[in-house]
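Notes to accompany the following structure.
Labels below follow one simple rule: chain letters A, B, ... track the order of the sequence lines, proteins then strands, and each chain is numbered from 1.
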Protein chains: 2
Amino acid sequence: MSTIEGARARARREITAAIKDEARRGLAAEGASRLSLRAVARELGMASSALYRYFPSRDDLLTALIVDAYDALGEAAEETLAATPRDDPATRWVAVCGAVRAWALAHPHEFALVHGTPVPGYAAPQATTGPGVRVPLALLALTAEAQEDALLAPPTWDPLPPPVRAEAEALADEYAPGLPAPVVAALVAAWAQLVGLISFEVFGQYTGVVTARDEFFAHAVSRIAADIGLPTTRGGTPEE
Amino acid sequence: MSTIEGARARARREITAAIKDEARRGLAAEGASRLSLRAVARELGMASSALYRYFPSRDDLLTALIVDAYDALGEAAEETLAATPRDDPATRWVAVCGAVRAWALAHPHEFALVHGTPVPGYAAPQATTGPGVRVPLALLALTAEAQEDALLAPPTWDPLPPPVRAEAEALADEYAPGLPAPVVAALVAAWAQLVGLISFEVFGQYTGVVTARDEFFAHAVSRIAADIGLPTTRGGTPEE
DNA sequence: GCCGTTACGTGAGCACTGCTCTCGGCCTGG
DNA sequence: CCAGGCCGAGAGCAGTGCTCACGTAACGGC
């Protein structure tokens with residue numbers, strides 16, 4: 001009942017995938033706002049109305065693409081986390097952030113879909129919360145492992161405002177027991193800051209200001225790592 | 001020729017302003033993607049075609065709104081910069097960042113216009129570069145004044161990668177002679193990170209994760225201030 | 001093997017959009 | 001005072017998201 005699959009269901013799965021693929025292609029070419037249902041139907045050689053058998057509305061198609069994009073982004077982070085040695089948390093951090101950035105630069109419109117202006121009014125909350133946290137969870141896992149290995153040495157843990165401390169402790173209890181509250185607070189901020197750094201680049205915000213993008217990003221992100229307390233074992237940034 | 005203004009020119013100015021006002025209203029209600037030229041024309045009691053006498057296209061209207069938003073954002077920053085004592089750079093920093101955040105939360109769709117997904121393909125570069133730098137320049141002015149007053153004491157100025165150093169020095173020469181290169185590099189990163197922090201809030205990215213938003217933002221932003229080297233004279237964050 | 005149920009694809013059509021063009025009237029500068 | 005510019009109105013084009021009968025083909029229970 002799971003392996004055996006009627007030709008009907010198979011066709012549905014394949015056509016759904018084809019629609020998403022074509023939509024992704026149109027997305028990369030034109031951007032989300034210019035993406036047209038009729039155009040993807042035309043490209044697929046079917047009537048536009050047929051498309052509604054698979055996605056009840058344009059926004060639902062976009063939501064599906066958002067979920068996929070979140071997953072791809074999270075997978076990129078998790079892959080480099082797995083492929084990276086535990087004993088050098090700072091360079092590992094830079095590598096994971098770099099992987100997120102690389103994915104974003106390779107798929108700018110999909111990145112815009114997940115971290116740009118939300119497209120439908122203000123919807124898309126529940127369905128995307130699952131895959132949406134994979135990247136921050138990877139960063140958190142990285143830090144938790146560093147602490148297990150006694151490699152977490154923050155420069156200064158300034159005291160948190162009480163409400164922030166309470167929330168940070170709750171988060172720590174749920175996702176990384178034993179991690180100090182200031183560190184998880186710093187991680188949440190780091191996540192937002194990372195997205196800010198990448199958004200500026202993807203959205204062309206600092207054209208003319210920063211041209212050595214790779215180096216600038218690596219530098220900024222390694223400063224964040226130092227702020228969190230991930231030690232730079234050796235060879236941080238060269239010169240002098 | 002400047003004070004004397006024909007009734008014609010005056011009408012044009014007023015109608016242009018009325019169109020932008022109505023467009024801003026529609027923007028706040030529906031968002032940029034749902035903003036309709038015909039709707040604003042309808043609301044203004046004029047034919048939709050008449051609107052093209054004032055803005056050659058929908059994208060041009062949006063571009064005008066973008067410029068205005070940049071200006072409003074920059075003005076908010078500059079105002080609190082002016083209304084804030086020089087001798088406490090860290091709390092001044094937090095205040096300026098807080099003003100930017102407050103404006104963004106009060107005008108979410110306009111903020112999305114300037115720091116969300118770019119609306120037309122990838123256009124709007126030149127016209128917006130002028131007002132677009134007012135906020136970062138305010139942050140830079142704040143830091144430069146702190147240095148003049150010998151209030152700039154970074155924890156560690158780790159060496160910059162050579163290309164970043166070169167660009168940072170060029171920026172320093174142009175906008176704030178005498179400011180150390182690592183500081184201007186940190187400022188650029190801080191600007192992107194600030195936008196990231198605000199974007200997360202405006203775009204509803206951390207619903208359920210952070211609820212004590214004011215405190216969290218103030219904390220995160222004051223950590224950035226410390227990272228740059230702006231000293232917390234007294235009473236940073238309470239507790240213990 | 002048959003047959004009702006279900007899913008699917010089609011084409012027409014509605015309401016809406018951005019934008020263009022032509023026309024007719026008003027204000028304005030010479 | 002009067003020609004030339006600006007401005008508004010209306011019709012119209014091409015395109016959009018989405019809905020709704022309408023046939024057709026596959027499916028599952030008998």
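In this structure, Thr16(B) OG1 and Arg13(B) CZ are separated by 9.0 Å, a value rounded to the nearest 0.5 Å. Separation of atoms SG (Cys97(B)) and CZ (Arg92(B)) is listed at 12.5 Å; rounding is to 0.5 Å. Rounded to the nearest 0.5 angstrom, Leu197(A) CG and Glu201(A) CD are separated by 8.5 Å.
Of all nucleotides in DNA chain D, those with any atom nearer than 4.0 Å to a heavy atom of chain A start and finish, going 5' to 3', at dT16(D) to dC27(D).
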Could you run down the sub-3.5 Å N/O contacts of the protein with nucleotides 2-5 of chain C?
none

Collect all protein-nucleotide pairs involving nucleotides 25-30 of chain C in which both atoms are nitrogen or oxygen and the distance is under 3.5 Å.
| residue | atom | partner | partner atom | Å |
| --- | --- | --- | --- | --- |
| dT28(C) | OP1 | Arg8(B) | N | 3.3 |

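Separating the CG atom of Leu51(B) from the P atom of dT20(C) is a distance of 13 Å, rounded to the nearest angstrom. Between Arg10(A) atom CZ and dC8(C) atom P the separation is 16 Å, expressed in whole Å. If you take CZ of Arg34(A) and C1' of dC19(C), they are 13 Å apart, rounded to a whole angstrom.
Side-chain contact between Tyr175(B) and Val184(B): absent, with no pair of heavy atoms (C-beta onward) separated by less than 4.5 Å. Between Trp191(A) and Leu187(A) the shortest side-chain heavy-atom distance does not fall below 4.5 Å. Between Ile198(B) and Phe217(B), the closest side-chain pair of non-hydrogen atoms falls below 4.5 Å. Side chains of Arg134(B) and Tyr70(B) form no contact here, defined as non-hydrogen atoms less than 4.5 Å apart. Looking only at side-chain heavy atoms (C-beta outward), Ile224(A) and Leu194(A) stay at 4.5 Å or farther from each other. Side-chain contact check for Val202(A) versus Pro108(A): some heavy-atom pair is nearer than 4.5 Å. The shortest side-chain heavy-atom distance between Trp93(B) and Thr84(B) does not fall under the 4.5 Å cut-off. Looking at heavy atoms from C-beta onward, Gln193(B) lies out of side-chain contact with Arg223(A) at the 4.5 angstrom threshold.
Near DNA chain C, meaning a heavy atom under 4.0 Å from it, residues 37-46 of chain B has Leu37(B), Arg38(B), Arg42(B) in order of number.
Here Ile15(A) lies in heavy-atom contact (under 4.0 Å) with sugar-phosphate atoms only. Phe55(A) comes within contact range of no nucleotide atom at all, as no heavy-atom separation falls under 4.0 Å. At the heavy-atom level, Arg58(B) lies under 4.0 Å from the strands shown only through sugar-phosphate atoms. No contact: Leu61(B) has no heavy atom under 4.0 Å from any strand.
Judged purely by atom type and a 3.5 angstrom limit, Arg58(A) uses its side chain to pair as donor or acceptor with the backbone of Leu35(A). Side-chain atoms of His107(A) come within 3.5 Å of backbone atoms of Trp103(A) as a donor-acceptor pair (strictly under, hydrogens ignored).
Along DNA chain C, the nucleotide nearest to Ser57(B) and the one nearest to Tyr54(A) differ in position, and the one closer to the 5' end is contacted by Tyr54(A).
In secondary-structure terms, DNA chain C builds stems of at least 3 consecutive Watson-Crick or G-U pairs, each pair having both distances under 3.5 Å, at C:1-25 with D:6-30, C:28-30 with D:1-3.
A side-chain donor-acceptor contact under 3.5 Å links Ser57(B) and Asp60(B).
Ring geometry, Phe200(B) versus His115(A): the interplanar angle falls under 30°, so the pair is classed parallel (tilted spans 30 to 60°).
Considering only residues two or more places apart in sequence or on other chains, Glu43(A) meets the salt bridge (charged side-chain N to carboxylate O under 4.0 Å, His left out) condition with none of them.
Here Ser49(A) does not reach the OP1 or OP2 of dA12(C): none of its side-chain N or O atoms lies under 4.0 Å away.
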